[in-house]
Amino acid sequence: MSSNLIRGTFILTLGTFISKFLGLFYVIPFYSIIGGEDAAALYSYGYVPYTIFISIATAGIPLAVSKYIAKYNAIEEYAVGRKLFKSGLVIMLLTGFAAFAVMYSFAPFFAKLSLGGKETTYTIDEVATVIRAVSFALIIVPFMSVTRGFFQGHQSMGPSAVSQVVEQIARIIFLLGGAYIVIHVMNGSVVTAISVATFAAFIGALFGLLVLYWYFFKRKKHLDKLLEKDKGQADVSLFGMYSEIVVYAVPFIFVGIAIPLYQLIDQVTFSRAMSQIGLADQAVSAFGVLNFSTQKLVIIPVSLATAFAMTLVPMVTSSFVKKDMALVKQQLNKTFEVLLFLTVPAAVGMALLAEPLYTVFYKYSEFGTDVLRVYAPVAILFALFSVTAAILQGINEQRFTVLSLLTGILVKLSLNIPLIKLFETEGAVYATALGYLTSIVINIVVIRMYASYSLRPLAKKIGLITAFNAVMAIVVITLYGILSMVLSTETKGTALLIIFICATVGAIVYFAISEKSGLLDEVFGSRLDSIKRKLRLKKA
């Protein structure tokens, strides 16, 4: 069990991390090619409606499909999953075209909303052109989501991970190459270049889909052999299937748009709260740091949680359907262990190295550093919410995900303005943390009630992880203090060097004491034996 969970998690984590890594770093050359913040804003205008459409259309689809297929595979009703897959492809193709048609037709309306009804640097028609360029991706992405869910339902995470990476690489190559050719070779307009850049979402999705179908035809013989073992006792109608799929998917649509909903609350309340304490002139720039600059960095460790959610749902579902509650508890223990072992040091390291990190990605800013330092630990809460929501999905109590999320949002909405008045920009971060913490507590209480699960067996490991992070933090703080005496954190080159040295030493210290104490073996089991042998940490 743990071997499959760890293997699947590592594969999806690696794929998701590489995809997120590429998606974060391409903005540096892209900004250089398109020539500044105005052009970047035009790019964002195109992605606002696209993100909304794609979140509603696909958020939860891979997880819902994977859970459904895993459920029926567990009782050897393989034909039900195949039936869902085939019909799902047709339905997603139709809904994809429908979403594309709506977004393409209403592009001028979305453009007007993006510009607030006023034409400044760009006209409504120019923004509409960019929105229409990105809308083509809606044709393919829902289709691709069902295929990923099919593989994940068979507990095969490799195809999803590889397709994610290929999709991102193809998108970025087309985006950077297209924008460069339009502006620097053809002397075209920025609007044309940005339209090409947003159309790259379609190109990336096309390549991701091709990878998935290469895997499908490569493994078709094996998948067909499973059909030969089908018991054929389950007679599930298409209506019944999709009724169940909707029940599965809706909670994860909420989970998928959780962060945007929190950002929306900030967008509505932040400027008003800052104005009430006499900081209206700082509101726009502070909001940019809060909801764009720091948020982009904090979200990186959350990719770990995304991978866990994708891996966890079909495995827990399979065990839960078989009523093997002992196995469910083992899977949950292993998930929390690995998640905390990896995300806590990532968040702590980001907080400790906030100053050079902000300089490398953006520019030196004391204000940006302060916000990032406070925001970084919230990544742990983001990750825990994603995983606990996935667990509720696995034990068929996904209805409580909606309850916990709405309760957390209510906490955020209630506390946001008072905390901003007390702590300024950082108050919005505190309100977000309290909102997510509320949702996590509700999720854990529900898991305890319906899966008879307790965190007590993890107390020792959580204590060790906390202690080892404290040791790592002391080492990193000391080293950072020494390096900052001779290296400046205000220039990108030296800031990057500080990050590299401190992060490397911190990681070595953390993993070394974890290995020495036996925690590394307890968390990851035999999966690391070959690596340790290569590093001569363990005798062959």
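Atoms considered below: every heavy atom in the structure, side chains included; atoms not considered: hydrogens, waters and symmetry mates.
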Between Leu392 and Ile447, is any pair of side-chain heavy atoms under 4.5 Å apart?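 A side-chain contact under 4.5 Å exists here.
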
For a quick test of your reading: what N or O donor-acceptor pairs under 3.5 Å do the side chains of residues 402-415 make, sequence neighbours left out?
from: Ser404; atom 1: OG; to: Phe400; atom 2: O; distance (Å): 3.4
from: Ser404; atom 1: OG; to: Thr401; atom 2: O; distance (Å): 3.0
from: Ser404; atom 1: OG; to: Asn443; atom 2: OD1; distance (Å): 2.8
from: Thr407; atom 1: OG1; to: Leu403; atom 2: O; distance (Å): 2.7
from: Lys412; atom 1: NZ; to: Asp266; atom 2: OD1; distance (Å): 2.9
from: Lys412; atom 1: NZ; to: Asp266; atom 2: OD2; distance (Å): 3.4
from: Lys412; atom 1: NZ; to: Asn416; atom 2: OD1; distance (Å): 2.8
from: Lys412; atom 1: NZ; to: Ala428; atom 2: O; distance (Å): 2.9
from: Lys412; atom 1: NZ; to: Thr432; atom 2: OG1; distance (Å): 2.8
from: Ser414; atom 1: OG; to: Leu410; atom 2: O; distance (Å): 2.7

Under the rule for side chain to side chain donor-acceptor pair (under 3.5 Å), what residues qualify as partners of [X], not counting sequence neighbours?
X      : answer
Glu490 : none
Lys421 : Gln276
Ser514 : none

Which heavy-atom pair separates [X] from [Y] by the least distance, and what is that distance?
X      : Y      : result
Ala354 : Leu372 : O-CD2, 3.7 Å
Met144 : Gly208 : SD-C, 3.8 Å
Pro377 : Ala347 : CA-CB, 4.2 Å
Val378 : Ala433 : CG2-CB, 4.1 Å
Ser488 : Ile498 : O-CD1, 4.2 Å

Steps toward side chain to side chain contact (heavy atoms under 4.5 Å, CB included) verdict (Thr369, Thr359): CA-CA 9 Å; Thr369 297; Thr359 300; 5.8 Å; no

State which residues pass ring pair (Phe, Tyr, Trp, His ring centres under 6.0 Å) with [X]; sequence neighbours excluded, sorted by chain then number.
X      : value
Tyr480 : none
Phe385 : Tyr436
Tyr510 : Phe341

With sequence neighbours left out, write down each residue that passes side chain to side chain contact (heavy atoms under 4.5 Å, CB included) with Tyr430, or none if nothing qualifies. Val374, Leu419, Phe423, Glu426

My understanding is that only residues two or more places apart in sequence, or in another chain, count here; which of them pass side chain to side chain contact (heavy atoms under 4.5 Å, CB included) with Thr425?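 In terms of side chain to side chain contact (heavy atoms under 4.5 Å, CB included), with neighbours along the sequence ignored, Thr425 is linked to Phe270, Met274, Ala286, Leu290, Phe367, Val371.
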
In residues 457-472, what donor-acceptor pairs under 3.5 Å come from side-chain atoms, sequence neighbours left out?
from: Lys461; atom 1: NZ; to: Glu522; atom 2: OE1; distance (Å): 3.3
from: Thr466; atom 1: OG1; to: Ile462; atom 2: O; distance (Å): 2.8
from: Asn469; atom 1: ND2; to: Ile465; atom 2: O; distance (Å): 2.7

Hey, could you give me the [atom1]/[atom2] distance between [X] and [Y], rounded to the nearest 0.5 Å?
X      : Y      : atom1 : atom2 : result
Ile417 : Leu422 : CD1   : CG    : 12.5 Å
Lys492 : Leu496 : NZ    : CG    : 10.0 Å
Ile501 : Leu483 : CD1   : CG    : 5.0 Å
Leu520 : Ile513 : CG    : CD1   : 11.0 Å

Does anything in residues 169-179 form a side chain to side chain donor-acceptor pair (under 3.5 Å)? List the pairs, not counting sequence neighbours. Tyr43-Arg171, Gln168-Arg171

Are there over 12 heavy-atom neighbours, none belonging to Tyr364, within less than 6.0 Å of that residue's OH?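 Enclosed: over 12 neighbouring heavy atoms sit under 6.0 Å from OH of Tyr364.
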
With Glu167, which residues qualify under salt bridge (Lys or Arg N to Asp or Glu O under 4.0 Å), at least two apart? Arg148

